[in-house]
Structures are given as structure tokens and as C-alpha cells.
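For reference, the structure is listed below as C-alpha cells.
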Number of protein chains: 2
Amino acid sequence: MAHTDYHCNRGCPVEATLEIIGGKWKGAILYHLIQKTTRFNELRRLMPDITQRMLTKQLRELEARNLIERTAYPEVPPRVEYSISEYGRTLTPAIEALHSWGLTHLEKNNFNQ
Amino acid sequence: MAHTDYHCNRGCPVEATLEIIGGKWKGAILYHLIQKTTRFNELRRLMPDITQRMLTKQLRELEARNLIERTAYPEVPPRVEYSISEYGRTLTPAIEALHSWGLTHLEKNNFNQ
DNA sequence: CCGTATCCTCCCAGATACTG
DNA sequence: CAGTATCTGGGAGGATACGG
């Protein structure tokens, strides 16, 4: 158990990490991109409840933090692929842990309130 | 690598878990309580930026999900201790992963935008 | 197909004051 | 010490329409 005596005065690392992958969608997006490189509309299909606007916004924010990479292919019709970056892949253990816990404890449950 | 073919139609487990430990404070609170049972004001000291009102609110929500336990001792002055529950302890791997990543990648960084 | 541009709503979270 | 009670604003997130 790696329990350091980190004093946690100005926000603890857990809080900091949640600042980045928290929010309603970022964790799920990262999870999908860790599995495989995915196109924009493919992501929409995987997450039917997100709006186009929100998906774009979240992707831009993740890209700004260098957690994911965007590749646009100059084709007609346009094709844009999103993939996890080297840096983003360091989040795999965390995302996997969240996913695993959710699967075990929350599947088919209603988790509101 | 435990990659199931979970289709993730109605929100994926990552999203579900973040629904529970996400938000600005819950992860940090759980982290502290996993380390040790802690009194109310002790938590405030560990997280100087949280307001009394928010701390109470977050604690109540975690308690409602049976992730933590509240014990009030009928003393003067009053003493209330919060501890992680058996169920809450199942979150340890996830919280540890978040903490570890934050330590490695975010310490001393400004992580706004 | 892959986005922007607006507009809007709700509620999260902070500030502050008070209490058993 | 360990909480409520109000008031308030700002921003996350949604709906909808349009564009290359």
C-alpha cells in the first residue's frame, strides 16, 4: 500500500485527477479511446446520450491536455479519428479501475440519489 | 487486460462510477477515509478549501450510498467520526489509481485549462 | 460526416450567518 | 465541535439550427 505522507494542503492528487477526467463524459470517452481509435460518429453511437456539441467540447478539452489525438483525413466525406495519446494511456489503470468497479457494483442498478 | 465486449449502450460503467465518486470533493474525502477514520473538523483541516456546508453535503451523499459510516459519540463537546464502510473499501483500487496518477502527473502543476 | 454558433436552464457550490 | 439555514452567481451541460 503506497501510503505516502503527502499532506494534501492544496487539494489532493485524487481531486486533481478528478478535475481532469471528471465531469459527465470524459471518463467514458477515454475508456472508449483506450480500447480503440474511434471516429466521431462512432463515439456518438457508443454514447447515445451525449449531444454533438458536448462531445466536441469534451474532445477538445482532452486534446488540449494532450490526453488524446485528433487526426483528420482529407477525404470526401470527411473522416476524423480520435485516439488515445501516449500520455493519455498512462491513465489506463485508473480508467480500468473505475470501469471494473462500475461493472461489479453498478450494472443494471439505478444510481441516481 | 480484461476487455469485455460490453456494449455500453446506456452509459458505460466508467460514467456510472464517476457519477458516484466524481464531483469536486467525493474522491478526496474517500481517499482520506480509506487512510483512517476521521473527525469532521479533521477533514476540514485536510481539505482547507471545502466549506462546512459542502463537506456536510458530500458526507451525507456518501453515507446515503453506504460508502461511508457516521458515528456520533454523545459527549460534550460532540464528537463525530466518519469511516469508510466495507462497501466503500471496495473502491480502494480505483481511488488509489486516481491518487497515484495525480501524484505522478499533476503534483505542483496548475491544472486549470 | 464532422463539426460551429447561439441561446438557455438548472443546480452546484461558495459566502455568510446562525445553533444545539 | 459539528453542524443548519438562506441567498446568490456562474458555469456545466442541453436544445436547436446552421455550415464546410
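Every chain is numbered from 1 and lettered A, B, ... according to where its sequence line falls, protein lines coming before strand lines.
Spacing between atom CG of A:Leu59 and atom P of D:dG13 amounts to 14 Å, rounded to whole angstrom units. In this structure, the CD atom of A:Gln52 is 13 Å from the P atom of D:dA15, given to the nearest Å. A straight line from CD of B:Gln58 to P of D:dG3 spans 14 Å, rounded to a whole angstrom. Rounded to an integer number of Å, the gap from B:Leu43 CG to D:dC1 C1' is 13 Å. Atom NZ in B:Lys57 sits roughly 17 Å away from atom P in D:dT6 (whole-Å rounding). To the nearest angstrom, C1' of D:dG13 lies 13 Å from CD1 of A:Ile29. Between the C1' atom of D:dA15 and the CZ atom of A:Arg44 lies a distance of 12 Å, rounded to the nearest Å. In this structure, B:Met47 atom CE and D:dA2 atom C1' are separated by 16 Å, rounded to whole Å.
With a 6.0 Å radius and a threshold of 12 heavy atoms from other residues, nucleotides or ligands, B:Glu75 has its CD atom above the threshold.
A:His99 NE2 to A:Thr104 OG1: the interatomic distance, rounded to the nearest 0.5 Å, is 9.5 Å. Here the straight-line distance linking atom CZ of B:Arg53 with atom CG of B:Leu55 works out to 12.0 Å at 0.5 Å rounding. Put simply, OG1 on A:Thr51 and CH2 on A:Trp25 are 8.0 Å apart, with the number rounded to the nearest 0.5 Å.
Not a single donor-acceptor pair under 3.5 Å links the side chain of A:Thr38 to the backbone N or O of A:Leu43.
Where A:Lys26 and B:Glu42 meet DNA chain D, the nucleotide closest to each residue was compared, and B:Glu42 sits on the side nearer the 5' end.
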Exercise. Could you walk me through whether A:Glu61 and A:Arg65 pass the salt bridge (charged side-chain N to carboxylate O under 4.0 Å, His left out) check?
Worked result: CA-CA 7 Å; A:Glu61 290 175 14; A:Arg65 292 194 196 275; over 6 Å; no
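Between B:Tyr82 and the phosphate of D:dG3, there is a side-chain N or O to OP1/OP2 separation shorter than 4.0 Å.
At the heavy-atom level, B:Tyr73 lies nowhere under 4.0 Å from the strands shown. If you check every strand for non-hydrogen atoms under 4.0 Å, B:Arg70 touches sugar and phosphate atoms only. Note on A:Arg60: only backbone sugar-phosphate atoms sit closer than 4.0 angstrom, heavy atoms only; bases stay farther off.
Heavy-atom minimum distance, B:Ser85 versus B:Asn66: OG-O, 2.6 Å.
Distance from the side chain of A:Trp25 is smallest to D:dG14 among D:dC1, D:dG14, D:dT4. Among D:dG14, D:dA5, D:dC1, the nucleotide with an atom closest to any side-chain atom of A:Arg53 is D:dG14.
Here chain A contacts DNA chain C (any atom closer than 4.0 Å to a heavy atom, that is under 4.0 Å), and the contacts span C:dC1 to C:dT6 from 5' to 3'.
When the C1' atoms of four end pairs are superposed on the next four at each end of the helix from C:dC1-D:dG20 to C:dG20-D:dC1, using five pairs per end, the two resulting axes differ in direction by 60°, to 10°.
Taking the ring centroids of A:His32 and A:Tyr82, they lie at or beyond the 6.0 Å cut-off.
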